[in-house]
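Within every chain, numbering begins at 1; the chains are lettered A, B, ... in the order of the sequence lines, protein sequences first and strands thereafter. These numbers come from a predicted model, not from an experiment.
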Amino acid sequence: MSKFRTHTCGELNIKSKNTNVSISGWLNKKRDHGNLLFLDLRDNYGITQCVIDKESKSFKDLEKIPLETVLKINGTVLQRSDETVNKDLSTGEIEVKINSHEILGLTKELPLPVFTDQEYSEEIRLKYRFLDLRRKKIHKNIILRSKIISFIRMEMEKMGFLEFQTPILTSSSPEGARDFLVPSRLNPGKFYALPQAPQQFKQLIMVSGFDKYFQIAPCFRDEDARADRSPGEFYQLDIEMSFVDQNDVFNVIEKLMTKVFTKFSTKKMLYEKFPRIKYSEALKTYGSDKPDLRNPLKIYDLTDVFTRDDVKFEIFKKLLKKGSIVRGIVTKQTIDQPRSFFDNIDKWAKSEGASGLAYFSIEKDKNISGKGPIGKFFSENALKEIMEISSAEIGDSIFLACGPIKEVEKILSLARDKLAKDLNLIDENTFAFCWIVDYPMFEEDDQTKKIKFSHNPFSMPQGDINNLNLSKPLDIKAYQYDIVCNGIELSSGAIRNHIPDLMYKLFKVAGYEKKEVDIKFSGMINALSYGAPPHGGIAPGIDRIVMLLAGEKNIREVTMFPMNQNAQDLMMNAPSEVDQNQLKELNIEIKKK
RNA sequence: GGGGGUGUAGCUCAGUUGGUUAGAGCACGUGCCUGUCACGCACGGGGCCGAGGGUUCGAGUCCCUUCACUCCCGCCA
């Protein structure tokens, strides 16, 4: 028996009636009736109500003890009378009558209360994270995270995957995100980099013949934060498999995700077999390569309509001549929405940096006509063409954006979310997964106009790999895919290029000479030259999976000790200045600003 | 690097058109209360109104600068 307790605070029930017990925990809440005092004692497992009256010798002490003091209570389990049962507590049928108590841990005045569900400023929560983590909701989230991770481990092992650790101190790679660097004492002037992902290592594991690998892997990227993106570090379920094609990877992930999401949530899975959407299709139909498929709205290309002579909307027609395109979103039966609904959308679009969203609704009196600010610019025949292209019907509204293709895609993607939210079109009780496939191997850099890898330099190009048309690199697709759930990108992955000759060729297109590849990717290119199996994998983000399952919008709600937006740990005071001697050993001088 | 929001008591927030001594709930302190479970009641302590500058007879409130937190854009192979 423990020195501190016979039971936890979530354990006692009517079966222990009239026995003597000890429980330990935090004083969650006090209700002082003067001659009768109730104390709620809380630990990881639950809350137990303790009661004491004026006659007991502990009464005077306990009355004065502040909330969040850690106490040991010795007492007798009593059955509560019917009227005083608390159905919200697992221990609500009993209470512990206090015989004696012991203070195990004192508290100073609290910077934030623990017992409420109130929202608190991020600053105070992060500084006193240990207090914040005692609170019910986030405490539950962190436990959920632990359970999800062990479940995933179990399922991966069942499917024959082996878990391996890979180095944390490794080398910087030129492609991708900004690296975190660690200076080397033994190699003055040289730096390790923290891995952005164990990408090269997991491929090396395949070359080493281990066949199926996974790891709950920490990844480090020195990029700016977002609500769904921690600064600094995050965790991936890193997976790699040998002798597989794209479908084999999809099968493993679909099976795993379905299991995880049905076990840890009561929300419905919209698709059992995840739809596969080509990257180019996704951009056209959703304006984004991470579409929220719970959202029924689609985007239609209406550029051709604006070349008609019986369409008189001159602003768009002029832009068209300069190479702009027109695309639109149809909302069903919104003609009777108040003017403010439409104006708000237009105003919102301007606040997002677009030149606004033109709109009109389709009505029919004798003839079909356009209603709204730009409705008059369309002939009946032009409207019919629009209705055919977009499946719009009488009573529907159409929101239009005109401009360069990338800008139109961007604003309509955001407008799709905004409209669905305003019109309440999203079923919050579902998970909609999809695959985005057929990513281009290369893309053009917006600023430098140079050809660069669009996703991952190690991906296998599609088509006849012996006769790739490298003169048109932008046409080459890769076996590169993303998995998306409810508009959140969970992961990208690829079938890898395991043929060194082909890799040199592709790197050359992106401006890397053979020598450079040999130096910067030495570990991998060397390994691929000694008999590499065809292989591929994926790496779903653990934090985002937990976020979806916990129903949270912010990744800090499922991260135990997160940093703030400026990549600072307010509790531990990181990053911090270091001793001159430490710098000297590392041959580092700080340049003063 | 850029744009938006927020900043008032330990915590969460109100504070009107610029006008007397800056308020409430929770927490904390004192007292009353034997069945509460966000217990109730009374009283009390607690404020550099984020910081600096300006306008004004007068600034929590208006203007400028700056800092912190947050959301977004850029960035994130």
I want to verify a distance call: between C73(B), C39(B), U12(B), whose nearest atom is closest to the R226(A) side chain? C73(B)
Nearest whole angstrom, please: distance from the P of G5(B) to the CG of N554(A). 20 Å
So which nucleotide from C28(B), G35(B), U70(B) ends up closest to the side chain of Q565(A)? U70(B)
Out of G74(B), C11(B), C69(B), minimum distance to the side chain of Y120(A) belongs to C11(B)
Report the distance from atom CD of E122(A) to atom P of C69(B), rounded to the nearest whole Å. 11 Å
Could you check which of C28(B), C37(B), G74(B) has an atom nearest any side-chain atom of T84(A)? C37(B)
Compare the minimum distances between each of U36(B), U70(B), C28(B) and the side chain of P66(A), then state the nucleotide with the smallest one. C28(B)
Would you mind reporting whether C9(A) and Y45(A) have side-chain heavy atoms less than 4.5 Å apart? no
Residue-phosphate contact under 4.0 Å: N566(A) side-chain N/O, A68(B) OP1/OP2: no
Can you find an N or O donor on one side and an acceptor on the other, under 3.5 Å apart, linking the side chain of R80(A) with the base of U36(B)? yes
Compute whether any side-chain donor of one residue and acceptor of the other, for Y479(A) and N497(A), lie under 3.5 angstrom apart. no
Mark this stacking check for H33(A) against C33(B) as yes or no, applying ring centres under 5.5 Å and ring planes under 30°. no
Nucleotide nearest R229(A) (side chain, heavy atoms from C-beta), chosen from C75(B), C72(B), C11(B): C75(B)
G74(B), C37(B), G35(B): which one has an atom nearest the side-chain heavy atoms of D40(A)? C37(B)
When P111(A) and L36(A) are each assigned the nearest nucleotide of RNA chain B, the 5'-most assignment goes to P111(A)
Out of C72(B), C76(B), G1(B), whichever nucleotide has its closest atom nearest the side chain of D224(A): G1(B)
Quick one, E68(A) with T107(A), criterion side-chain hydrogen bond (donor to acceptor under 3.5 Å, both in side chains). Give me CA distance, side-chain angles, the key distance, then yes/no. CA-CA 7 Å; E68(A) 293 308 308; T107(A) 176; over 6 Å; no
Is R31(A) near enough to C39(B) that one of its side-chain N or O atoms lies under 4.0 angstrom from OP1 or OP2? yes
Mark yes or no for a side-chain to base donor-acceptor pair under 3.5 Å between E95(A) and G35(B), with no hydrogen or angle criteria applied. yes
Taking only the side-chain nitrogens and oxygens of K29(A), find out if one of them lies under 4.0 Å from OP1 or OP2 of C39(B). yes
Does a side-chain heavy-atom distance below 4.5 Å link E513(A) with K508(A)? yes
If you find the nucleotide of RNA chain B closest to S81(A) and the one closest to Q118(A), which residue's nucleotide is nearer the 5' end? Q118(A)
Does the side chain of Q480(A) come under 3.5 Å of the side chain of N456(A) through a donor N or O and an acceptor N or O? no
Matching residue for L39(A) among L67(A), I65(A), D32(A), L27(A) - test: side-chain contact (heavy atoms from CB on, under 4.5 Å): L27(A)
Among G31(B), C11(B), C69(B), which is the nearest nucleotide to the side chain of K64(A)? G31(B)
Please give the nucleotide sitting opposite G40(B) as a Watson-Crick or G-U wobble pair, both distances under 3.5 Å, or none. C32(B)
For A9(B), give its Watson-Crick or G-U wobble partner with both distances under 3.5 Å, or none. none
E109(A) has its side chain closest, among C76(B), C71(B), G10(B), to G10(B)
Does a side-chain N or O of R135(A) approach OP1 or OP2 of C11(B) to a distance below 4.0 Å, or not? no
Rounded distance (Å) that lies between atom P of C26(B) and atom CZ of F115(A): 9 Å
